[in-house]
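Atoms within a ligand are numbered from 1 in the order they appear, just like the ligands themselves.
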Amino acid sequence: MRPSFQPRLINDPFSDPGLYIPFLYEKRTLLFDFGQLHSLSTRDLLKITHVFVTHTHMDHFIGFDTLLRVFLGREKELHIFGPSGFFAHVEGKLAGYTWNLVFEYETNFILKVTEVYPEKTLTRIYVCKDRFEPQGQQIEEPFAGILWEEPSFYVEGAILDHRIPCLGLSLVENFYVNIIKEGLKELGLQVGPWLNRFKKALYEKKDPSDEFRVTWEKGGTVIDERKFVLGELANKIASISPGRKVTYITDVIGSPENYEKVINLANKADYLFIEAAFLDRDKDIAQKKYHLTAREAGELARMSDVKHYTLFHFSPRYTDMAEEIEKEAREAAKKQGSEDS
Ligand SMILES: [Zn+2]
Ligand SMILES: [Zn+2]
């Protein structure tokens, strides 16, 4: 069975962090962290709708400019999230360029920015045409762990300690709709854009007695259609399975407080992406720099009971020693009989 999203790191583990999470059945992507984005094509970048930034150290935030450059002059909305102080960093970047010509664009690019605090979020809206001046009043909302929610998934955040606040992130899919090919065949239906509409109707928990139209399209125009009852169609062509969870943890000290928060956030994740900046023999440096060691990363994978984990954000001091880092984490992950890959 194909998963509905397929997370991948944007760079090798010695380069800037970032996790690109495309949704296979929609032309859209979430991004965790803004490291250098040069490995992504303009096409890949244009699919990004939401970016969650753990913190604004340069290696996690430099890609903001690349994305802004690609979005400029297009009809787009981009929503980015970051920890306290985020507005100042975004506004500082925006202030770095001259915007005297943007009012001439026929398209509108809107940038939404949300700053995350332990118990609230603040959101400001910047409109390209208005030279990215913040619009109106900032919006304050209570925050209890959920940063963003849609019918099919939500993104959870925890504020971790990197000597500065740093967000830990989980993408949690509510459930997964799998399309049964034989069911389509039996009904004489073809795969097409209507399947996205169909899945959306299920994710939005539409009334099963609602009418649903399966359409045949040519060049974006509907050329034929058949009417079904949503629930009856779902019984024939869809199977529902539990959704997946992806957790992303980077730039955190291995303190008891962080351990507790990470284990909560990553609990039973299908995929854990976790930094392993240092080897255990350099733990004193890791502690000074507020980073995890490979041993701690493996330990956290085991304690969070995740299915798979992937290490990244290795310190350049270990160039050519990636295997040693992997081995250290693997041993820590396997202790007490647990199996991880
Ligand atoms: Zn950092
Ligand atoms: Zn970093």
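If you count the protein N, O or S atoms nearer to the Zn ion (ligand 1) than 2.8 Å, you get 4.
Between Phe52 and His50, the ring planes lie parallel to each other; the angle is under 30°, not in the 30° to 60° tilted range.
Atom NE2 of His79 and atom CG of Leu30 lie 12.0 Å apart (nearest 0.5 Å).
Pairs passing the ring pair (Phe, Tyr, Trp, His ring centres under 6.0 Å) check and including a residue from residues 225-255, sequence neighbours excluded, read Phe32-Tyr248, Tyr248-Phe312.
In this view, Gln287 and Ile253, Lys283, Glu296 satisfy the side-chain contact (heavy atoms from CB on, under 4.5 Å) rule, not counting sequence neighbours. Taking the side-chain contact (heavy atoms from CB on, under 4.5 Å) definition, one finds that Arg163 meets it with Tyr290, sequence neighbours left out.
Within a 6.0 Å sphere centred on CD of Gln137, heavy atoms belonging to other residues, nucleotides or ligands number 12 at most.
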